Peer 1: 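Here it is, the structure in full.
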Amino acid sequence: MRAAVWLLVLFAVAAAVALFAGNNQGIVTVFWPPTRVDLSLNFALLLLILVFMLLYGALRALQALFALPVQARQWRLQQKERNLHAALLDSVVQLLAGRFTRARKSALAALAQEHVLAGLDARLPQSQQVRVLAHLMAAESAQALQDRAARDAHLQHALNEGRDRGGMSAETRDGVQLRSARWALEDRNAVAALDRLAELPQGVQRRTLALRLRLKATRLSARTQDALDTARLLAKHRAFSEDGARSILRGLALELIGQAHDPAQLMRAWNELDAAERAIPEVAIQAAQRMVVLRGDLAMARAWLLPVWERSLAQPDALSDSQRAKLVRALEAGLDTVDPEWLARIEGAQRAQPRDAHLQYLAGMACMKRQLWGKAQQLLTQAGLGQQDAELHRRAWVAVAQLAEQREDAEQALMAWKRAAQGG
């Protein structure tokens, strides 16, 4: 379409020139005493156009001639700028390839090229960011080469560049801080890593990368509560898979409970957990066992175990055999002070599932504590025959042996002791 329009315009111009020049009788007379020159108007116009074109071409040629030094300088600066960017890119590539010595050499070459450009008064608009990135690449290479002195020197240069907020973006400054925190973690210096992370703005501290670094640092420094809070934020941001988040939270909750050294501290640790973490069977069981070890409130421990107990009865497959065995051992530890309500729960559960070896053992131990010797012997014998957990199996036969000794039944006591010792 455009070509057709230009063709029409060309035809129109040609027609206009033909109409104007075809019958033009005008004459231009030039007097140059004693000479007179007569020219047709068409020739005079053509001559003027040619003179204008010659003058224009001459002026452009002179302009290009005088601009040669400037263009030569610009070309040299452009080559140096290209060498600068090539060296910086080569540093990144060599670093990714694991060639750390070459990466540092290229980063230093980029810094040298930038220094040359600055000396020629040809600062790039992004010169400060280029210097920071070059120092960062050199520091990263030095960290990989275990040259901490060079790493710290380049890091300090990068941070000094970052203090000038007018020349570098906030993302670059944040990146330098995050990398320095990661290096501190690689050096097993959790305090330095946390200090670096604390210098970041609040919004940056809540980014996934910063939270991951904070989680590692808090775990390294044994700050379990802070690590648990950080892991919750990461789980909320979906930084882990569901199974991974559940595993990390479970591990931190167990660690927090295991650090309690008295019942009051254990209560504070339990209250720091949220509802989902308290519902984890391993967490509730370990908290109850820890309460028993610390000689705390056993009624409170049983209250912690109640949701897990109800869940195990409602959904038999919800807990593994090892978890069920741990639950039974945790409840057994507080049978001396168990209340009638819990006794009723245990008895009702055993009646509802009479072939469950775990419930047989727990009910038998409860009967033994209440001095119901006959029923206790019957339940514990059945539990010993069907129990798969080695510890509960041994305890069941030990209890049977003790009951037999109380009745002065030496033969049955000997048989029970043998089964306890032989594991069957």
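Positions are given from 1 along the sequence. What you are looking at is a predicted structure, and each value in this text was computed from that prediction instead of being measured.
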Peer 1: Between Trp183 and Glu140, is any pair of side-chain heavy atoms under 4.5 Å apart?
Peer 2: yes

Peer 1: So, using side chain to side chain contact (heavy atoms under 4.5 Å, CB included) as the criterion, who are the partners of Ala299 when residues are at least two apart?
Peer 2: Asp297, Arg302

Peer 1: So do Lys216 and Arg219 actually touch side chain to side chain, heavy atoms under 4.5 Å?
Peer 2: no

Peer 1: Of all residues at least two apart in sequence or in a different chain, which pass the side chain to side chain contact (heavy atoms under 4.5 Å, CB included) check with Gln79?
Peer 2: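 Per chain and number, Gln79 pairs via side chain to side chain contact (heavy atoms under 4.5 Å, CB included) with Trp75, Arg82.
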
Peer 1: Between atom CD1 of Ile257 and atom OG1 of Thr224, what is the distance when rounded to the nearest 0.5 Å?
Peer 2: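 Those atoms lie 11.0 Å apart.
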
Peer 1: Holding to ring pair (Phe, Tyr, Trp, His ring centres under 6.0 Å), I want the full list of residues that pass it with Trp417, two or more places apart in sequence or in another chain.
Peer 2: none

Peer 1: Atom CZ of residue position Arg407 - does it have more than 12 heavy atoms of other residues, nucleotides or ligands inside 6.0 Å?
Peer 2: yes

Peer 1: Determine whether a donor-acceptor pair (N or O, by modelled atom type, separation under 3.5 Å) exists between the side chain of Ser312 and the backbone of Trp309.
Peer 2: yes

Peer 1: What residue pairs, at least two apart or across chains, pass salt bridge (Lys or Arg N to Asp or Glu O under 4.0 Å) with a residue in residues 128-137?
Peer 2: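 Qualifying pairs, neighbours excluded: Glu114-Arg131, Arg131-Glu161.
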
Peer 1: If the threshold is 4.0 Å, N to carboxylate O, is there a salt bridge linking Glu391 and Arg394?
Peer 2: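 Yes, charged N to carboxylate O under 4.0 Å.
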
Peer 1: For Glu186, does the CD atom have more than 12 heavy-atom neighbours from other residues, nucleotides or ligands under 6.0 Å away?
Peer 2: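 Atom CD in Glu186 is crowded, with more than 12 foreign heavy atoms closer than 6.0 Å.
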
Peer 1: Once salt bridge (Lys or Arg N to Asp or Glu O under 4.0 Å) is applied, what residue pairs with a partner in residues 86-112 remain, sequence neighbours excluded?
Peer 2: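 Matches after skipping sequence neighbours: Arg104-Asp147.
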
Peer 1: What do the steps show when you test Gln94 against Ser106 for side-chain hydrogen bond (donor to acceptor under 3.5 Å, both in side chains), and what is the final call?
Peer 2: CA-CA 8 Å; Gln94 298 293 348; Ser106 296; 5.8 Å; no

Peer 1: If the condition is ring pair (Phe, Tyr, Trp, His ring centres under 6.0 Å), which residues does His154 pass it with, not counting sequence neighbours?
Peer 2: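 With neighbours one apart ignored, the set is His135.
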
Peer 1: Determine whether Leu228 and Glu272 make a side-chain contact, defined as any pair of heavy atoms from C-beta on separated by less than 4.5 Å.
Peer 2: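 No, side chains not in contact.
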
Peer 1: May I ask you to decide whether Arg345 forms a salt bridge with Glu341, counting only side-chain N to carboxylate O separations under 4.0 Å?
Peer 2: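 A salt bridge links Arg345 with Glu341.
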
Peer 1: If you take all heavy atoms of Leu305 and Ala284, which pair is closest and at what distance?
Peer 2: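 Minimum heavy-atom contact is CD2-O, 3.6 Å.
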
Peer 1: Can a side-chain donor-acceptor contact be found between Gln156 and Asp152 if the only test is distance below 3.5 angstrom?
Peer 2: no

Peer 1: Under a 4.0 Å threshold between the charged nitrogen and the carboxylate oxygen, would Lys375 count as salt-bridged to Glu347?
Peer 2: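 Yes, Glu347 and Lys375 are salt-bridged.
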
Peer 1: Check this for me: does any side-chain nitrogen of one of Glu199 and Arg173 sit under 4.0 Å from a carboxylate oxygen of the other?
Peer 2: no

Peer 1: For His237, I'd like to know if atom NE2 has over 12 heavy atoms of other residues, nucleotides or ligands within 6.0 Å.
Peer 2: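 Yes, enclosed.
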
Peer 1: Quick one: which of Arg324, Gln382, Gln350 gives a side chain to side chain donor-acceptor pair (under 3.5 Å) with Asp356?
Peer 2: Arg324

Peer 1: Distance from Arg250 atom CZ to Gln286 atom CD, nearest 0.5 Å?
Peer 2: 11.5 Å

Peer 1: Hey, are the side chains of Leu178 and Leu197 touching, using non-hydrogen atoms and a 4.5 Å cut-off?
Peer 2: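 Heavy-atom side-chain distance check passes, below 4.5 Å.
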
